[in-house]
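Just so it is clear: chains get the letters A, B, ... in the order the sequence lines come, proteins before strands, and each one is counted from 1.
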Number of protein chains: 2
Amino acid sequence: MNNCSYIKNTKNEVSMDVLFELSEFFKFFGDTTRIRIIHLLLSGEVSVNDIAEKLNLEQSVVSHQLRILRTANLVKPRRDGRKMFYSLDDEHIGLIFNTGLTHILHKKGK
Amino acid sequence: MNNCSYIKNTKNEVSMDVLFELSEFFKFFGDTTRIRIIHLLLSGEVSVNDIAEKLNLEQSVVSHQLRILRTANLVKPRRDGRKMFYSLDDEHIGLIFNTGLTHILHKKGK
DNA sequence: TTAATATATGAACAGTTATTCATATTTTCA
DNA sequence: TGAAAATATGAATAACTGTTCATATATTAA
């Protein structure tokens with residue numbers, strides 16, 4: 001039928017706490033600052049200051065949001081000297097981003 | 001390379017307002033009540049009272065959340081007599097739900 | 001038309017969250 | 001060791017959001 005493993009059956013039996021975790025997970029994508037950071041990191045790792053500069057955000061804002069993303073294992077840090085480079089933790093993050101993006105662009109195209 | 005059209009290139013050039021819309025879009029998935037409603041509607045259309053009953057929620061809560069989902073075109077209503085049946089508007093909704101779900105289950109499996 | 005059923009809506013409240021500002025921590029280099 | 005650079009953190013505030021409760025609207029059947 002299809003070879004995309006993440007297309008699942010429609011008769012899911014999903015427990016209440018998994019649904020809760022799922023909504024918590026989507027919350028991380030539901031903020032403009034975070035989605036811009038995720039989008040930027042799609043092309044590879046970037047330091048905190050570079051994120052702030054490229055997105056025209058205050059360093060403090062970026063650090064706060066990175067902490068949220070890091071705690072949730074959406075991004076991972078790597079120290080190099082006094083710089084910290086952040087990258088997406090997992091290939092699913094980009095997949096979810098792009099699935100949503102495709103939906104938005106598809107809707108706009110009408 | 002792959003035949004999944006929603007897997008896009010990693011060198012996205014996405015405008016600021018599309019990123020804003022994208023984060024707004026993900027917000028709808030970022031609430032337990034709404035994600036439970038979406039999950040329930042994955043298996044087909046359900047009336048307002050049935051949603052409330054099956055999810056053990058007050059009718060008012062369901063109506064309020066359905067309005068949000070309806071305004072955002074995530075669900076669509078159909079009137080039958082004095083009942084209103086709601087269903088998912090678009091196949092993307094289920095796809096995004098399942099993509100996130102796969103991620104959660106994958107994480108839990110470790 | 002009236003009563004009953006099904007759904008929608010408005011206002012108020014409580015809880016959450018992102019940003020701001022100030023400051024602390026960590027690392028490098030002179 | 002001390003200063004500078006890079007990042008992290010804490011507290012406070014403002015804005016947003018979901019739920020509750022009461023009520024309004026709409027449809028059907030008697």
Side-chain angles (χ1 to χ4, degrees), chain A residues 16-17 19-41 45-89, chain B residues 16-17 19-41 45-89:
Chain A
M16 191 97 160
D17 56 294
L19 287 174
F20 178 77
E21 284 180 50
L22 188 53
S23 65
E24 290 299 301
F25 175 66
F26 279 121
K27 272 185 191 164
F28 299 119
F29 295 86
D31 174 80
T32 310
T33 301
R34 286 194 296 267
I35 209 88
R36 290 176 71 207
I37 293 175
I38 290 169
H39 172 241
L40 181 59
L41 297 187
E45 65 171 21
V46 186
S47 74
V48 177
N49 269 342
D50 283 355
I51 294 172
E53 200 171 317
K54 290 186 182 186
L55 301 185
N56 197 32
L57 295 168
E58 294 199 11
Q59 177 267 321
S60 178
V61 167
V62 174
S63 263
H64 276 296
Q65 295 303 334
L66 282 174
R67 191 163 87 94
I68 292 172
L69 294 171
R70 176 166 27 90
T71 303
N73 292 309
L74 298 195
V75 303
K76 59 187 176 213
R78 180 180 68 83
R79 180 176 282 284
D80 180 18
R82 41 189 162 183
K83 288 196 171 183
M84 285 291 243
F85 289 90
Y86 280 86
S87 57
L88 297 182
D89 182 278
Chain B
M16 191 97 161
D17 56 295
L19 287 174
F20 178 77
E21 284 180 50
L22 187 53
S23 65
E24 291 298 301
F25 176 67
F26 279 122
K27 271 183 192 164
F28 299 119
F29 295 85
D31 175 78
T32 310
T33 301
R34 285 192 296 266
I35 208 89
R36 290 176 72 209
I37 293 175
I38 291 169
H39 172 242
L40 180 59
L41 297 187
E45 66 172 18
V46 187
S47 75
V48 177
N49 269 342
D50 283 357
I51 294 173
E53 200 170 315
K54 292 187 182 188
L55 302 185
N56 197 32
L57 294 168
E58 293 199 12
Q59 176 268 320
S60 178
V61 167
V62 174
S63 263
H64 275 298
Q65 295 304 334
L66 282 174
R67 191 165 87 93
I68 293 172
L69 294 171
R70 177 166 26 91
T71 304
N73 291 309
L74 297 195
V75 303
K76 58 184 177 218
R78 180 180 69 83
R79 180 178 282 283
D80 179 19
R82 39 189 162 187
K83 288 197 172 184
M84 285 291 242
F85 289 90
Y86 280 87
S87 58
L88 298 182
D89 182 277

Does D:dA5 have OP1 or OP2 sitting under 4.0 Å from an N or O in the side chain of A:Asn49?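 No, A:Asn49 has no side-chain N/O under 4.0 Å of OP1/OP2 on D:dA5.
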
Which residues share a side chain to side chain donor-acceptor pair (under 3.5 Å) with B:Glu58, sequence neighbours left out: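 Checked B:Glu58 against side chain to side chain donor-acceptor pair (under 3.5 Å); zero matches.
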
What string of B, S and - do you get for nucleotides 23-30 of chain D, 5' to 3', if B is base contact, S is sugar-phosphate-only contact and - is no contact with any protein heavy atom under 4.0 Å? ----BB--

Summary of protein contacts for nucleotides 15-21 of chain C, nucleotide by nucleotide, where a base hit scores B, a sugar-phosphate-only hit scores S (4.0 Å, heavy atoms): ---SSBB

So, using side-chain contact (heavy atoms from CB on, under 4.5 Å) as the criterion, who are the partners of [X] when residues are at least two apart?
X: A:Asp80; answer: A:Arg78, A:Phe85
X: B:Lys76; answer: B:Ser87, B:Asp89
X: B:Asn73; answer: A:Lys107
X: B:Glu53; answer: none

Between [N] ([atom2]) and [X] ([atom1]): distance, integer Å:
X: B:Ile37; N: C:dT7; atom1: CD1; atom2: C1'; answer: 13 Å
X: B:Leu55; N: D:dG18; atom1: CG; atom2: P; answer: 16 Å
X: A:Phe85; N: D:dA6; atom1: CZ; atom2: P; answer: 11 Å

Using the side chain to side chain contact (heavy atoms under 4.5 Å, CB included) rule, take B:Met16 and B:Phe20 through it: C-alpha gap first, then chi angles, then the decisive distance, then the call. CA-CA 6 Å; B:Met16 191 97 161; B:Phe20 178 77; 6.0 Å; no

Base, sugar-phosphate, or nothing for A:Tyr86, non-hydrogen atoms under 4.0 angstrom?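 Sugar-phosphate, no base atom in range.
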
Solution key, residues 59-70 of chain B side-chain donor-acceptor pairs under 3.5 Å, sequence neighbours excluded:
| residue | atom | partner | partner atom | Å |
| --- | --- | --- | --- | --- |
| B:Gln59 | NE2 | B:Ser63 | OG | 3.2 |
| B:Gln65 | OE1 | B:Arg34 | NH1 | 2.8 |
| B:Arg70 | NE | B:Tyr86 | OH | 3.1 |

Nearest to the side chain of A:Lys83, which nucleotide is it out of C:dT7, D:dA8, D:dA6?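 Closest nucleotide among those given: D:dA6.
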
Mind checking what makes ring-ring contact (aromatic ring centres under 6.0 Å, His included) contact with A:Phe25, not counting sequence neighbours?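 With neighbours one apart ignored, the set is A:Phe29, B:His103.
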
